[in-house]
Amino acid sequence: MKVTVDEEKCCGAGTCVLLAPAVFDQRDEDGIVILLDERPGEDLHAIVREAASVCPGAAISVGEDA
Amino acid sequence: MPRRGDLGRRGRVSSPADVLVVGASAAGLATVEALRRKGYSGRVTVLGAEAHLPYDRPPLSKQVLAGDWEPERARLRPPDALSSLDAEFLLGDSAVSLDAATRTVRTAAGRVLTAEAVVIATGLRPRTLPGQENLAGVHVLRTLDDTLALRADVWPGSRVVVVGDGVLGSEIAATLSAMGARVTLTGPQPAPMAMQFGPLAAGLLARLHTERGVELRLGTATIGLVGKNGRIAGVQLADGTVLPADVVVVAFGAAPVTEWLSGSGLRCDNGVVCDSRCRAADGIYAAGDVARWHHETFDSLLRLENRTNATEQAVAVAGNILGEDRPYAPVPYFWTNQFDARIHVHGLLPADAEVSIVDGSPEDRRFVADYRVDGELVGVLGWNMPKQARQRRADIARVLTPSG
Ligand SMILES: Cc1cc2nc3c(=O)[nH]c(=O)nc-3n(C[C@H](O)[C@H](O)[C@H](O)COP(=O)(O)OP(=O)(O)OC[C@H]3O[C@@H](n4cnc5c(N)ncnc54)[C@H](O)[C@@H]3O)c2cc1C
Ligand code: SF4
(Lines give C-alpha, C1' and ligand atoms only; values in the text may rest on other atoms or scores of the structure.)
(Ligands and ions follow the chains in the order given, each with its own letter.)
Protein backbone atom coordinates (compact mmCIF):
# COMPACT_ATOMS: atom_id res chain seq x y z
CA MET A 1 0.00 0.00 0.00
CA LYS A 2 1.22 3.48 -0.89
CA VAL A 3 -0.46 6.48 0.75
CA THR A 4 -0.36 10.00 -0.66
CA VAL A 5 -1.87 13.21 0.73
CA ASP A 6 -2.82 16.41 -1.02
CA GLU A 7 -1.99 19.23 1.40
CA GLU A 8 -3.96 21.75 -0.62
CA LYS A 9 -7.17 19.75 -0.27
CA CYS A 10 -6.71 19.04 3.43
CA CYS A 11 -9.01 21.14 5.60
CA GLY A 12 -7.30 20.19 8.83
CA ALA A 13 -10.16 18.18 10.28
CA GLY A 14 -7.85 15.63 11.84
CA THR A 15 -10.24 12.77 11.17
CA CYS A 16 -7.32 10.78 9.78
CA VAL A 17 -5.26 11.36 12.95
CA LEU A 18 -8.11 10.16 15.14
CA LEU A 19 -8.37 6.97 13.08
CA ALA A 20 -4.71 6.18 12.40
CA PRO A 21 -2.31 8.18 14.59
CA ALA A 22 0.57 5.95 13.51
CA VAL A 23 0.16 7.06 9.91
CA PHE A 24 -1.13 10.64 10.07
CA ASP A 25 -0.40 13.72 12.15
CA GLN A 26 -1.22 17.41 11.78
CA ARG A 27 1.08 20.42 11.68
CA ASP A 28 0.88 22.44 14.90
CA GLU A 29 0.63 25.78 13.11
CA ASP A 30 -2.16 25.18 10.60
CA GLY A 31 -3.46 21.67 11.18
CA ILE A 32 -2.52 20.42 7.71
CA VAL A 33 -1.94 16.70 7.46
CA ILE A 34 1.54 15.20 7.91
CA LEU A 35 2.05 11.76 6.45
CA LEU A 36 4.13 9.81 8.97
CA ASP A 37 4.23 6.53 7.11
CA GLU A 38 3.56 6.33 3.39
CA ARG A 39 3.86 2.54 3.36
CA PRO A 40 1.98 1.42 6.46
CA GLY A 41 2.06 -2.22 7.50
CA GLU A 42 -0.63 -4.71 6.61
CA ASP A 43 -2.35 -4.40 10.01
CA LEU A 44 -3.07 -0.73 9.24
CA HIS A 45 -4.42 -1.13 5.72
CA ALA A 46 -8.10 -1.34 6.66
CA ILE A 47 -8.02 1.71 8.92
CA VAL A 48 -5.99 3.75 6.39
CA ARG A 49 -8.54 2.92 3.69
CA GLU A 50 -11.26 4.08 6.02
CA ALA A 51 -9.35 7.31 6.73
CA ALA A 52 -9.03 7.93 2.99
CA SER A 53 -12.73 7.33 2.48
CA VAL A 54 -13.98 9.52 5.31
CA CYS A 55 -11.44 12.36 4.97
CA PRO A 56 -13.69 15.41 4.53
CA GLY A 57 -11.21 17.03 2.14
CA ALA A 58 -10.89 13.96 -0.09
CA ALA A 59 -7.20 14.61 0.45
CA ILE A 60 -5.92 11.07 1.04
CA SER A 61 -5.30 8.57 -1.77
CA VAL A 62 -4.36 4.96 -1.37
CA GLY A 63 -2.65 3.17 -4.22
CA GLU A 64 -1.16 -0.24 -4.62
CA ASP A 65 2.57 -0.60 -4.06
CA ALA A 66 4.67 -0.03 -7.13
CA MET B 1 -40.26 7.83 16.68
CA PRO B 2 -38.67 4.52 15.83
CA ARG B 3 -36.44 3.43 18.65
CA ARG B 4 -33.51 1.13 18.83
CA GLY B 5 -34.72 -2.42 18.36
CA ASP B 6 -38.14 -1.51 16.98
CA LEU B 7 -37.11 -2.33 13.48
CA GLY B 8 -34.12 -4.41 14.42
CA ARG B 9 -36.11 -7.47 15.31
CA ARG B 10 -37.28 -7.65 11.75
CA GLY B 11 -33.82 -6.90 10.37
CA ARG B 12 -32.10 -9.61 8.39
CA VAL B 13 -29.02 -11.33 9.71
CA SER B 14 -27.27 -12.15 6.45
CA SER B 15 -26.20 -9.41 4.08
CA PRO B 16 -28.51 -8.38 1.23
CA ALA B 17 -28.01 -9.67 -2.30
CA ASP B 18 -27.96 -6.15 -3.73
CA VAL B 19 -27.81 -2.53 -2.57
CA LEU B 20 -29.23 0.54 -4.31
CA VAL B 21 -27.88 3.94 -3.27
CA VAL B 22 -29.92 6.98 -4.28
CA GLY B 23 -27.73 10.10 -4.40
CA ALA B 24 -24.19 10.00 -5.79
CA SER B 25 -22.39 12.49 -3.60
CA ALA B 26 -20.40 12.43 -0.34
CA ALA B 27 -22.76 10.17 1.61
CA GLY B 28 -23.73 7.92 -1.30
CA LEU B 29 -20.18 7.32 -2.42
CA ALA B 30 -18.91 6.75 1.13
CA THR B 31 -21.62 4.13 1.62
CA VAL B 32 -20.38 2.19 -1.38
CA GLU B 33 -16.74 2.49 -0.32
CA ALA B 34 -17.56 1.31 3.19
CA LEU B 35 -19.58 -1.65 1.90
CA ARG B 36 -16.66 -2.79 -0.24
CA ARG B 37 -14.11 -2.14 2.50
CA LYS B 38 -16.17 -4.29 4.83
CA GLY B 39 -16.00 -7.10 2.30
CA TYR B 40 -19.43 -6.83 0.70
CA SER B 41 -19.35 -8.42 -2.74
CA GLY B 42 -23.00 -8.16 -3.82
CA ARG B 43 -24.36 -5.98 -6.58
CA VAL B 44 -24.22 -2.22 -5.94
CA THR B 45 -26.05 0.41 -7.99
CA VAL B 46 -25.73 4.16 -7.45
CA LEU B 47 -28.35 6.48 -8.90
CA GLY B 48 -27.43 10.19 -9.12
CA ALA B 49 -29.48 13.10 -10.42
CA GLU B 50 -26.45 15.08 -11.54
CA ALA B 51 -24.58 14.08 -14.68
CA HIS B 52 -21.18 14.94 -13.16
CA LEU B 53 -18.95 12.31 -11.60
CA PRO B 54 -19.32 12.55 -7.80
CA TYR B 55 -17.78 15.80 -6.57
CA ASP B 56 -17.32 17.53 -3.27
CA ARG B 57 -19.36 20.52 -2.12
CA PRO B 58 -17.17 22.35 0.45
CA PRO B 59 -14.71 23.53 -2.25
CA LEU B 60 -17.61 25.01 -4.26
CA SER B 61 -18.00 28.07 -2.03
CA LYS B 62 -14.24 28.27 -1.55
CA GLN B 63 -11.66 27.28 -4.21
CA VAL B 64 -14.04 26.62 -7.12
CA LEU B 65 -16.03 29.85 -6.71
CA ALA B 66 -12.78 31.79 -6.34
CA GLY B 67 -11.46 30.21 -9.53
CA ASP B 68 -8.44 28.74 -7.75
CA TRP B 69 -9.49 25.20 -8.70
CA GLU B 70 -10.77 23.81 -11.95
CA PRO B 71 -14.03 21.94 -11.31
CA GLU B 72 -12.28 18.57 -11.85
CA ARG B 73 -10.17 19.21 -8.77
CA ALA B 74 -13.32 19.01 -6.64
CA ARG B 75 -14.03 15.46 -7.76
CA LEU B 76 -14.42 13.14 -4.81
CA ARG B 77 -12.41 10.37 -6.49
CA PRO B 78 -10.47 9.95 -9.70
CA PRO B 79 -12.38 7.87 -12.31
CA ASP B 80 -10.18 4.78 -11.80
CA ALA B 81 -10.91 4.75 -8.06
CA LEU B 82 -14.62 4.84 -8.88
CA SER B 83 -14.39 1.94 -11.29
CA SER B 84 -12.43 -0.13 -8.79
CA LEU B 85 -15.55 -0.06 -6.58
CA ASP B 86 -17.30 -2.39 -9.00
CA ALA B 87 -20.54 -0.47 -8.68
CA GLU B 88 -22.87 0.62 -11.45
CA PHE B 89 -23.23 4.41 -11.51
CA LEU B 90 -26.41 5.62 -13.18
CA LEU B 91 -25.80 9.35 -13.43
CA GLY B 92 -28.04 12.09 -14.81
CA ASP B 93 -31.21 10.27 -13.76
CA SER B 94 -33.22 10.89 -10.61
CA ALA B 95 -35.49 8.82 -8.43
CA VAL B 96 -39.10 9.94 -8.64
CA SER B 97 -40.69 7.43 -6.27
CA LEU B 98 -39.97 4.69 -3.78
CA ASP B 99 -42.18 1.87 -2.67
CA ALA B 100 -40.85 0.99 0.76
CA ALA B 101 -42.60 -2.37 1.01
CA THR B 102 -40.96 -3.75 -2.14
CA ARG B 103 -37.95 -1.41 -2.10
CA THR B 104 -38.63 -0.38 -5.67
CA VAL B 105 -37.37 2.94 -7.03
CA ARG B 106 -38.69 4.47 -10.22
CA THR B 107 -36.62 7.04 -12.06
CA ALA B 108 -37.31 10.04 -14.28
CA ALA B 109 -35.86 8.16 -17.26
CA GLY B 110 -38.27 5.28 -16.66
CA ARG B 111 -35.96 2.83 -14.90
CA VAL B 112 -37.41 0.50 -12.31
CA LEU B 113 -34.77 -0.50 -9.75
CA THR B 114 -35.25 -2.94 -6.91
CA ALA B 115 -32.77 -4.01 -4.24
CA GLU B 116 -32.76 -5.78 -0.90
CA ALA B 117 -31.28 -2.69 0.71
CA VAL B 118 -31.90 0.91 -0.34
CA VAL B 119 -29.87 3.87 0.92
CA ILE B 120 -31.38 7.36 0.67
CA ALA B 121 -28.65 9.98 0.29
CA THR B 122 -30.36 12.74 -1.67
CA GLY B 123 -29.09 15.69 0.37
CA LEU B 124 -30.65 19.14 0.39
CA ARG B 125 -32.12 21.71 -1.94
CA PRO B 126 -31.66 25.43 -1.20
CA ARG B 127 -34.63 27.47 -0.06
CA THR B 128 -35.51 30.31 -2.39
CA LEU B 129 -37.28 33.67 -2.28
CA PRO B 130 -40.60 34.08 -4.08
CA GLY B 131 -40.13 34.97 -7.75
CA GLN B 132 -36.37 34.46 -7.84
CA GLU B 133 -36.46 31.90 -10.65
CA ASN B 134 -37.85 34.58 -13.00
CA LEU B 135 -35.05 37.06 -12.34
CA ALA B 136 -31.65 36.87 -13.99
CA GLY B 137 -28.76 37.47 -11.61
CA VAL B 138 -30.23 35.64 -8.62
CA HIS B 139 -28.31 32.56 -7.54
CA VAL B 140 -28.24 29.74 -5.05
CA LEU B 141 -25.16 27.62 -4.31
CA ARG B 142 -25.53 23.90 -3.89
CA THR B 143 -24.21 22.29 -7.05
CA LEU B 144 -21.20 22.64 -9.30
CA ASP B 145 -23.42 24.11 -12.01
CA ASP B 146 -24.73 26.70 -9.52
CA THR B 147 -21.15 27.62 -8.68
CA LEU B 148 -20.05 28.09 -12.27
CA ALA B 149 -23.17 30.15 -13.04
CA LEU B 150 -22.53 32.44 -10.06
CA ARG B 151 -18.86 32.76 -10.91
CA ALA B 152 -19.70 33.75 -14.49
CA ASP B 153 -22.07 36.48 -13.26
CA VAL B 154 -19.68 38.24 -10.84
CA TRP B 155 -16.91 40.61 -11.88
CA PRO B 156 -14.66 42.94 -9.87
CA GLY B 157 -16.80 45.82 -8.67
CA SER B 158 -20.13 43.97 -9.01
CA ARG B 159 -22.59 44.85 -6.31
CA VAL B 160 -23.46 41.53 -4.72
CA VAL B 161 -25.99 41.04 -1.95
CA VAL B 162 -25.76 37.75 -0.08
CA VAL B 163 -29.05 36.94 1.67
CA GLY B 164 -28.31 34.65 4.61
CA ASP B 165 -25.95 35.13 7.56
CA GLY B 166 -25.34 31.44 8.34
CA VAL B 167 -22.22 29.49 7.46
CA LEU B 168 -22.84 29.28 3.72
CA GLY B 169 -23.86 32.92 3.24
CA SER B 170 -20.91 34.17 5.31
CA GLU B 171 -18.50 31.99 3.40
CA ILE B 172 -19.83 33.07 0.00
CA ALA B 173 -19.63 36.72 1.08
CA ALA B 174 -15.98 36.23 2.05
CA THR B 175 -15.04 34.46 -1.17
CA LEU B 176 -16.79 36.95 -3.47
CA SER B 177 -15.37 39.90 -1.56
CA ALA B 178 -11.85 38.50 -1.89
CA MET B 179 -12.55 38.26 -5.65
CA GLY B 180 -13.11 42.01 -5.79
CA ALA B 181 -16.90 42.18 -5.68
CA ARG B 182 -18.61 44.81 -3.50
CA VAL B 183 -20.46 42.54 -1.14
CA THR B 184 -23.26 43.23 1.30
CA LEU B 185 -24.21 40.44 3.70
CA THR B 186 -27.72 40.56 5.10
CA GLY B 187 -29.67 38.42 7.54
CA PRO B 188 -31.62 38.54 10.78
CA GLN B 189 -28.83 37.85 13.27
CA PRO B 190 -26.78 40.48 15.11
CA ALA B 191 -23.53 39.09 13.63
CA PRO B 192 -22.70 36.46 11.00
CA MET B 193 -23.19 32.95 12.42
CA ALA B 194 -24.24 34.38 15.79
CA MET B 195 -26.59 31.48 16.44
CA GLN B 196 -23.95 28.88 15.62
CA PHE B 197 -20.97 30.52 17.37
CA GLY B 198 -22.29 32.76 20.14
CA PRO B 199 -21.38 36.44 20.51
CA LEU B 200 -17.61 36.18 20.97
CA ALA B 201 -16.66 34.28 17.83
CA ALA B 202 -19.48 35.79 15.76
CA GLY B 203 -18.37 39.26 16.82
CA LEU B 204 -14.86 38.47 15.69
CA LEU B 205 -16.22 37.18 12.40
CA ALA B 206 -18.20 40.40 11.93
CA ARG B 207 -15.00 42.38 12.52
CA LEU B 208 -13.11 40.27 10.00
CA HIS B 209 -15.77 40.73 7.32
CA THR B 210 -15.95 44.47 7.92
CA GLU B 211 -12.16 44.88 7.80
CA ARG B 212 -12.08 43.07 4.48
CA GLY B 213 -14.71 45.30 2.95
CA VAL B 214 -17.93 43.31 3.35
CA GLU B 215 -20.80 45.57 4.30
CA LEU B 216 -22.91 44.00 7.03
CA ARG B 217 -26.63 44.78 7.00
CA LEU B 218 -27.65 42.49 9.80
CA GLY B 219 -30.47 42.28 12.29
CA THR B 220 -33.14 42.73 9.65
CA ALA B 221 -35.23 40.32 7.62
CA THR B 222 -35.36 40.20 3.83
CA ILE B 223 -38.83 40.87 2.44
CA GLY B 224 -38.22 40.13 -1.21
CA LEU B 225 -36.42 40.85 -4.43
CA VAL B 226 -36.76 43.88 -6.66
CA GLY B 227 -36.37 43.28 -10.37
CA LYS B 228 -36.08 45.48 -13.45
CA ASN B 229 -36.64 44.21 -16.99
CA GLY B 230 -36.26 40.61 -15.91
CA ARG B 231 -33.01 41.19 -14.03
CA ILE B 232 -32.34 41.66 -10.32
CA ALA B 233 -32.05 45.26 -9.19
CA GLY B 234 -32.17 45.05 -5.42
CA VAL B 235 -33.11 43.34 -2.19
CA GLN B 236 -35.92 44.74 -0.10
CA LEU B 237 -35.39 44.65 3.67
CA ALA B 238 -37.99 44.71 6.44
CA ASP B 239 -36.84 48.16 7.57
CA GLY B 240 -37.84 49.55 4.16
CA THR B 241 -34.36 49.81 2.66
CA VAL B 242 -33.67 48.45 -0.79
CA LEU B 243 -30.09 47.26 -1.18
CA PRO B 244 -29.09 47.80 -4.82
CA ALA B 245 -27.64 44.70 -6.43
CA ASP B 246 -26.23 43.45 -9.73
CA VAL B 247 -26.15 39.91 -8.36
CA VAL B 248 -27.92 38.29 -5.41
CA VAL B 249 -27.01 35.02 -3.73
CA VAL B 250 -29.80 33.46 -1.71
CA ALA B 251 -28.30 31.30 1.04
CA PHE B 252 -30.69 31.19 3.95
CA GLY B 253 -31.00 27.48 4.40
CA ALA B 254 -31.87 24.35 2.52
CA ALA B 255 -34.48 21.64 2.87
CA PRO B 256 -34.04 17.86 2.69
CA VAL B 257 -34.82 16.41 -0.75
CA THR B 258 -37.70 14.10 0.18
CA GLU B 259 -40.56 15.04 -2.20
CA TRP B 260 -39.78 11.92 -4.21
CA LEU B 261 -40.56 9.88 -1.09
CA SER B 262 -44.14 11.08 -0.76
CA GLY B 263 -46.35 8.02 -0.92
CA SER B 264 -43.38 5.77 -0.10
CA GLY B 265 -44.67 4.84 3.33
CA LEU B 266 -41.62 6.40 5.00
CA ARG B 267 -41.93 9.13 7.60
CA CYS B 268 -40.43 12.38 6.33
CA ASP B 269 -40.37 15.29 8.75
CA ASN B 270 -37.47 17.67 8.24
CA GLY B 271 -35.58 14.73 6.72
CA VAL B 272 -36.05 10.98 6.49
CA VAL B 273 -36.83 9.91 10.05
CA CYS B 274 -34.67 6.97 11.12
CA ASP B 275 -33.90 4.93 14.20
CA SER B 276 -30.51 4.95 15.90
CA ARG B 277 -29.20 2.58 13.20
CA CYS B 278 -30.07 5.15 10.52
CA ARG B 279 -32.82 2.81 9.35
CA ALA B 280 -36.08 4.28 8.06
CA ALA B 281 -37.84 0.95 7.43
CA ASP B 282 -36.88 -2.66 6.95
CA GLY B 283 -34.00 -2.64 4.44
CA ILE B 284 -34.14 1.14 3.95
CA TYR B 285 -31.54 3.51 5.36
CA ALA B 286 -30.68 7.19 5.09
CA ALA B 287 -27.31 8.94 5.30
CA GLY B 288 -25.97 12.47 5.08
CA ASP B 289 -27.79 15.80 5.03
CA VAL B 290 -31.17 14.17 4.29
CA ALA B 291 -31.16 11.82 7.31
CA ARG B 292 -32.80 12.69 10.62
CA TRP B 293 -31.97 9.91 12.98
CA HIS B 294 -32.23 9.09 16.65
CA HIS B 295 -28.93 10.10 18.27
CA GLU B 296 -28.75 7.85 21.32
CA THR B 297 -26.39 10.02 23.37
CA PHE B 298 -28.53 13.13 22.84
CA ASP B 299 -31.69 11.00 23.01
CA SER B 300 -33.30 13.06 20.28
CA LEU B 301 -33.75 13.19 16.54
CA LEU B 302 -30.86 15.00 14.91
CA ARG B 303 -30.08 16.03 11.36
CA LEU B 304 -26.62 17.36 10.59
CA GLU B 305 -25.62 19.30 7.49
CA ASN B 306 -21.91 18.82 7.39
CA ARG B 307 -19.32 17.00 5.46
CA THR B 308 -17.93 14.63 8.05
CA ASN B 309 -21.41 13.53 9.05
CA ALA B 310 -22.11 12.55 5.45
CA THR B 311 -19.21 10.12 5.33
CA GLU B 312 -19.30 8.89 8.91
CA GLN B 313 -23.01 8.22 8.78
CA ALA B 314 -22.44 6.39 5.51
CA VAL B 315 -19.92 4.13 7.23
CA ALA B 316 -22.47 3.42 9.96
CA VAL B 317 -25.17 2.68 7.39
CA ALA B 318 -22.91 0.30 5.48
CA GLY B 319 -22.13 -1.51 8.72
CA ASN B 320 -25.78 -1.78 9.67
CA ILE B 321 -26.71 -3.05 6.20
CA LEU B 322 -24.20 -5.81 6.83
CA GLY B 323 -25.72 -6.62 10.22
CA GLU B 324 -23.37 -4.78 12.61
CA ASP B 325 -26.41 -3.37 14.43
CA ARG B 326 -24.56 -0.41 15.91
CA PRO B 327 -26.02 3.00 16.84
CA TYR B 328 -24.65 6.06 15.11
CA ALA B 329 -23.83 8.66 17.77
CA PRO B 330 -21.07 10.97 16.54
CA VAL B 331 -19.61 14.12 18.09
CA PRO B 332 -20.61 16.66 15.40
CA TYR B 333 -17.87 18.54 13.55
CA PHE B 334 -17.70 21.17 10.84
CA TRP B 335 -15.28 23.71 9.54
CA THR B 336 -15.49 26.89 7.52
CA ASN B 337 -12.91 29.06 5.77
CA GLN B 338 -13.57 32.79 5.59
CA PHE B 339 -10.78 35.09 4.45
CA ASP B 340 -7.77 33.98 6.51
CA ALA B 341 -9.89 32.36 9.24
CA ARG B 342 -10.01 28.57 9.38
CA ILE B 343 -12.70 27.83 11.92
CA HIS B 344 -13.25 24.32 13.27
CA VAL B 345 -16.12 23.31 15.54
CA HIS B 346 -16.38 20.06 17.47
CA GLY B 347 -19.44 19.12 19.49
CA LEU B 348 -22.26 21.58 20.06
CA LEU B 349 -22.13 25.29 20.84
CA PRO B 350 -25.43 25.95 22.67
CA ALA B 351 -26.55 29.55 23.06
CA ASP B 352 -26.45 29.30 26.87
CA ALA B 353 -22.93 27.89 27.01
CA GLU B 354 -20.20 29.58 28.99
CA VAL B 355 -17.33 30.38 26.65
CA SER B 356 -13.70 30.55 27.74
CA ILE B 357 -10.49 30.91 25.77
CA VAL B 358 -8.18 28.02 26.63
CA ASP B 359 -5.38 28.46 24.09
CA GLY B 360 -4.08 31.36 22.01
CA SER B 361 -5.90 34.69 21.97
CA PRO B 362 -8.68 36.31 19.93
CA GLU B 363 -6.48 39.40 19.41
CA ASP B 364 -3.97 37.23 17.56
CA ARG B 365 -6.81 35.60 15.60
CA ARG B 366 -5.56 32.25 16.79
CA PHE B 367 -7.37 30.62 19.67
CA VAL B 368 -9.33 27.71 21.02
CA ALA B 369 -12.54 28.31 22.98
CA ASP B 370 -14.30 25.85 25.26
CA TYR B 371 -18.09 25.89 25.44
CA ARG B 372 -19.41 24.58 28.75
CA VAL B 373 -22.90 23.95 30.09
CA ASP B 374 -23.13 23.30 33.84
CA GLY B 375 -19.37 23.00 33.89
CA GLU B 376 -19.33 20.22 31.29
CA LEU B 377 -17.44 20.68 28.05
CA VAL B 378 -19.99 20.36 25.23
CA GLY B 379 -18.17 22.02 22.35
CA VAL B 380 -14.86 23.42 21.16
CA LEU B 381 -14.23 26.14 18.61
CA GLY B 382 -10.80 26.55 17.06
CA TRP B 383 -9.89 29.72 15.17
CA ASN B 384 -6.80 29.05 13.06
CA MET B 385 -5.84 26.30 15.52
CA PRO B 386 -7.30 23.13 13.99
CA LYS B 387 -4.98 20.66 15.61
CA GLN B 388 -5.29 22.11 19.10
CA ALA B 389 -9.10 22.20 18.77
CA ARG B 390 -9.23 18.61 17.57
CA GLN B 391 -7.10 17.50 20.50
CA ARG B 392 -9.85 18.64 22.89
CA ARG B 393 -12.46 16.64 21.04
CA ALA B 394 -11.96 13.59 23.25
CA ASP B 395 -12.87 15.68 26.33
CA ILE B 396 -16.27 16.68 25.00
CA ALA B 397 -18.85 15.33 27.40
CA ARG B 398 -20.42 12.08 26.42
CA VAL B 399 -23.78 13.32 27.63
CA LEU B 400 -24.76 16.36 25.64
CA THR B 401 -27.98 18.20 25.13
CA PRO B 402 -28.51 19.54 21.64
CA SER B 403 -29.21 23.23 21.43
CA GLY B 404 -32.71 22.73 20.10
C1 LIG C 1 -21.34 25.27 -1.10
C2 LIG C 1 -21.24 24.35 0.08
C3 LIG C 1 -20.16 24.45 0.96
C4 LIG C 1 -20.05 23.61 2.05
N5 LIG C 1 -18.99 23.75 2.91
C6 LIG C 1 -18.89 22.94 3.98
C7 LIG C 1 -17.80 23.07 4.88
O8 LIG C 1 -16.94 23.92 4.73
N9 LIG C 1 -17.73 22.22 5.94
C10 LIG C 1 -18.67 21.25 6.15
O11 LIG C 1 -18.56 20.51 7.13
N12 LIG C 1 -19.71 21.09 5.31
C13 LIG C 1 -19.84 21.93 4.23
N14 LIG C 1 -20.91 21.79 3.37
C15 LIG C 1 -21.89 20.73 3.63
C16 LIG C 1 -21.51 19.41 2.95
O17 LIG C 1 -21.08 19.64 1.65
C18 LIG C 1 -22.70 18.50 2.97
O19 LIG C 1 -22.95 18.17 4.31
C20 LIG C 1 -22.50 17.23 2.16
O21 LIG C 1 -22.34 17.53 0.81
C22 LIG C 1 -23.67 16.29 2.35
O23 LIG C 1 -23.52 15.18 1.52
P24 LIG C 1 -24.76 14.32 1.05
O25 LIG C 1 -24.18 13.25 0.19
O26 LIG C 1 -25.58 13.97 2.20
O27 LIG C 1 -25.69 15.29 0.19
P28 LIG C 1 -25.38 16.09 -1.19
O29 LIG C 1 -23.93 16.43 -1.24
O30 LIG C 1 -26.37 17.16 -1.26
O31 LIG C 1 -25.68 15.00 -2.29
C32 LIG C 1 -26.95 14.55 -2.63
C33 LIG C 1 -26.92 14.08 -4.06
O34 LIG C 1 -28.14 13.43 -4.35
C35 LIG C 1 -28.59 13.83 -5.62
N36 LIG C 1 -30.05 13.68 -5.68
C37 LIG C 1 -30.99 14.50 -5.15
N38 LIG C 1 -32.23 14.04 -5.41
C39 LIG C 1 -32.06 12.90 -6.12
C40 LIG C 1 -32.97 11.96 -6.68
N41 LIG C 1 -34.29 12.10 -6.55
N42 LIG C 1 -32.47 10.90 -7.35
C43 LIG C 1 -31.12 10.74 -7.47
N44 LIG C 1 -30.21 11.61 -6.96
C45 LIG C 1 -30.68 12.66 -6.29
C46 LIG C 1 -28.15 15.25 -5.73
O47 LIG C 1 -28.10 15.64 -7.08
C48 LIG C 1 -26.79 15.21 -5.06
O49 LIG C 1 -25.77 14.94 -5.97
C50 LIG C 1 -21.05 22.64 2.27
C51 LIG C 1 -22.14 22.54 1.40
C52 LIG C 1 -22.24 23.38 0.31
C53 LIG C 1 -23.43 23.26 -0.62
S1 SF4 D 1 -8.78 13.83 7.51
FE2 SF4 D 1 -8.26 14.71 5.53
S3 SF4 D 1 -8.76 16.87 5.74
FE4 SF4 D 1 -8.63 16.02 7.79
S5 SF4 D 1 -6.51 16.36 8.46
FE6 SF4 D 1 -6.62 14.33 7.57
S7 SF4 D 1 -6.07 14.68 5.43
FE8 SF4 D 1 -6.60 16.64 6.25
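What's counted below: heavy atoms across the whole structure, side chains too, no hydrogens, waters or symmetry copies. First the proteins, then the strands, lettered A, B, ... as listed; each starts at 1.
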| query | For A/L18, is it the side chain, the backbone, both or neither that has a heavy atom under 4.5 Å from a heavy atom of chain B? | reply | side chain

| query | Can you tell which of A/R49, A/Q26, A/E29 has the highest number of heavy-atom pairs within less than 4.5 Å of chain B? | reply | A/Q26

| query | Which bit of B/N384 comes within less than 4.5 Å of chain A, counting heavy atoms only: side chain, backbone, both or neither? | reply | backbone

| task | Kindly give the heavy-atom pair with the smallest separation between A/G12 and B/P386, and that separation in Å. | result | O-CB, 3.4 Å

| remark: Pair count under 4.5 Å, heavy atoms only, with chain A: among B/Q63, B/K387, B/R307, highest is B/K387

| Is it the backbone or the side chain of A/V17 that comes under 4.5 Å from a heavy atom of chain B, or both, or neither? | side chain

| query | What do you reckon, is CD of B/E72 surrounded by more than 12 foreign heavy atoms closer than 6.0 Å? | reply | yes

| Heavy-atom distance under 4.5 Å to chain B: side chain of A/A13, backbone, both or neither? | both

| Heavy-atom count around A/R27 CZ within 6.0 Å, excluding the residue itself: above 12? | yes

| query | Do side-chain atoms of B/R77 reach the backbone of A/A58 as a donor and acceptor pair under 3.5 angstrom? | reply | no

| message | Evaluate A/K9 against B/R73 for side-chain contact (heavy atoms from CB on, under 4.5 Å), listing each step before the verdict. | response | CA-CA 9 Å; A/K9 285 187 153 189; B/R73 188 129 168 71; 3.8 Å; yes

| request: Identify which of A/T15, A/D28, A/D30 forms the greatest number of heavy-atom pairs closer than 4.5 Å to chain B. | output: A/D28

| said: Distance check, rounded to the nearest 0.5 Å: A/C11 atom SG versus B/R342 atom CZ? | reply: 10.0 Å

